[in-house]
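Encoded as structure tokens, the structure appears first; notes follow it.
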Amino acid sequence: MKALVTRLDSFGDVLLAGPAVRAVAARADHVTLLCGPRGAPAARLLPGVDEVLVWEAPWGGFEPPEVSREDIDALVERIDADTALILTSFHQSPLPTALVLRLAGVRHLAADSVDYPGSLLDLRHRRAPHAHEAEAALDLAEAAGFPCPDDGRLRVHPPPPADALTGPGPYVVLHPGASVPARAWSPDRAAEAVRELAAAGHRVLVTGGPGERELTAHVAGAHGTDLGGRTDAPELAGVLAGAAVVVTGNTAPAHLAAAVGTPVVSLFAPVVPAERWRPYGVPYVLLGDQDAPCADSRARDCPVPGHPCLNTVTATDVAAAVEKLLGET
């Protein structure tokens with residue numbers, strides 16, 4: 001059986017699909033993961049994936065492309081699967097993807113859908129109302145005939161050694177950036193946290209992408225080690241795997257830390273619900289006002305002056321959360 005799993009969103013979303021992908025892989029002969037460009041680096045980290053098919057859908061992403069008949073026709077020609085699992089967030093419809101997969105000749109399609117699917121789905125599944133995204137994907141997989149074969153936690157392929165980046169000895173990672181501004185802690189507060197953690201005796205590594213070098217340099221200052229722009233996805237996994245604790249917002253590195261088994265201090269902006277997107281399967285401490293006015297707004301830019309949901313969190317709060325997790329491990 002050739003199976004296809006689709007998750008067309010971002011890096012973190014694809015990581016959360018990982019347990020469901022392993023469930024499908026346990027019974028399929030070949031698993032293709034169809035994902036968008038932002039999710040592709042994560043897709044290549046997932047056990048159970050035989051092939052990664054990258055396509056940017058016009059119904060997803062921050063800046064979706066225009067609809068192109070030629071582009072969709074080209075995708076249809078590339079798809080070769082007998083059955084497919086369409087994974088979406090709780091607020092997304094799977095039906096556009098289902099239509100494309102039907103045109104590609106996929107015979108059996110399963111998805112969570114609140115909308116009437118007509119002939120687009122063979123299994124129209126209803127997710128539990130408050131399920132975590134990883135659990136919802138696993139529930140769908142089981143309903144489609146792919147029960148979970150393991151503990152169901154997030155997982156990636158073993159990352160490469162990161163000693164050349166991290167240096168010797170224990171350390172804490174602080175990742176100050178986020179996929180959208182509404183989910184980011186104040187750079188000045190993050191810099192204060194580095195200073196406070198260093199004063200408490202921790203070696204602090206500050207991570208970030210190539211476009212975040214100015215941010216990571218500011219946050220690291222004279223008391224942390226700046227790794228901004230120095231890690232690709234596997235290397236970042238290695239750095240996070242070696243950390244005692246990772247401090248980050250509700251963004252992809254939180255899920256990558258969980259996938260390598262590292263506890264997380266989660267600076268969680270409630271623009272999306274924590275019950276669906278919190279760090280999964282590892283010890284964590286959730287910081288941030290979950291009842292702030294922005295709650296469940298899915299805002300990309302903070303709609304409340306002063307960003308109170310996160311800027312009420314202090315460096316002392318973060319340092320205390322790190323110590324709490326260290327005491328539990």
Side-chain angles (χ1 to χ4, degrees), residues 11-12 15 41-42 45 154 156 158-179 183-268 279 282-285 287 310 313-329:
F11 190 106
L15 289 178
L45 299 178
L154 306 189
V156 293
D163 298 5
L165 287 165
T166 66
Y171 58 89
V172 170
V173 168
L174 193 151
H175 186 94
S179 54
R183 301 183 191 182
W185 200 26
S186 157
D188 288 340
R189 283 287 172 85
E192 289 172 12
V194 169
R195 292 194 294 271
E196 189 148 342
L197 288 167
H202 299 291
R203 196 160 60 92
V204 186
L205 310 185
V206 180
T207 57
E212 296 175 319
R213 288 190 176 98
E214 185 176 343
L215 170 64
T216 59
H218 172 76
V219 171
H223 301 275
T225 300
D226 180 11
L227 296 183
R230 296 175 60 189
T231 55
D232 60 15
E235 289 167 335
L236 180 59
V239 171
L240 300 183
V245 176
V246 172
V247 180
T248 185
N250 50 321
T251 192
H255 305 307
L256 188 55
V260 295
T262 302
V264 178
V265 174
S266 177
L267 292 149
F268 202 98
V282 294
Y284 69 95
V285 173
L287 299 177
L310 289 186
V313 178
T314 67
T316 301
D317 295 331
V318 167
V322 167
E323 297 301 334
K324 179 178 187 296
L325 289 173
L326 290 174
E328 294 176 357
T329 56

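Because the structure is predicted, anything quoted here is derived from the model rather than measured.
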L15 versus A252, closest heavy-atom pair with distance: CD1-O, 4.2 Å
Decide yes or no on side-chain contact (heavy atoms from CB on, under 4.5 Å) for V322 and V172, but give the supporting numbers first. CA-CA 9 Å; V322 167; V172 170; 4.2 Å; yes
Separation between CG of L165 and CG of L227, rounded to the nearest 0.5 Å: 6.0 Å
Take V264 and T248 through the side-chain contact (heavy atoms from CB on, under 4.5 Å) test and state the conclusion after the steps. CA-CA 7 Å; V264 178; T248 185; 4.1 Å; yes
Nearest 0.5 angstrom please: L310 CG to S186 OG, how far? 9.5 Å
side-chain contact (heavy atoms from CB on, under 4.5 Å) evaluation trace for H255 with V156: CA-CA 11 Å; H255 305 307; V156 293; over 6 Å; no
To the nearest 0.5 Å, what is the distance between CG (D226) and CD (E212)? 11.0 Å
Looking only at heavy atoms, the pair that brings V194 and A220 closest together is CG1-O, 3.8 Å
Nearest heavy-atom approach of V285 to A321 is CG1-CB, 3.8 Å
Could you state the interatomic distance from OG1 (T207) to NE2 (H175), rounded to the nearest 0.5 Å? 5.0 Å
Checking T225, V204, T166 against Y171 for side chain to side chain contact (heavy atoms under 4.5 Å, CB included), the one that qualifies is T166
Answer yes or no: is there a donor N or O on one side and an acceptor on the other, between the side chain of R189 and the main chain of V313, under 3.5 Å? yes
Within the side chain of W185, is there an N or O that forms a donor-acceptor pair under 3.5 Å with the backbone of L267? no
Using side-chain heavy atoms (C-beta onward) and a distance below 4.5 Å, is H202 in contact with H223? no
Taking side chain to side chain contact (heavy atoms under 4.5 Å, CB included) as the test, write out the residues that go with A319, two or more places apart. E196, L197
Under a 3.5 Å distance rule, please check whether R183 uses its side chain to pair with a backbone N or O of T251 as donor and acceptor. no
When every non-hydrogen atom of L325 is compared with those of P263, the smallest separation belongs to CD1-CB, 4.1 Å
Let me check something: any side-chain donor-acceptor pairs from residues 228-246 under 3.5 Å, sequence neighbours excluded? List them with distances.
unit_1 : atom_1 : unit_2 : atom_2 : d
D232   : OD1    : E235   : N      : 2.9
E235   : OE1    : D232   : N      : 3.0

Non-hydrogen atoms of P168 and R203 that approach each other most closely: O-NH2, 2.7 Å
Between CG on residue L45 and CG on residue L256, distance to nearest 0.5 Å: 6.5 Å
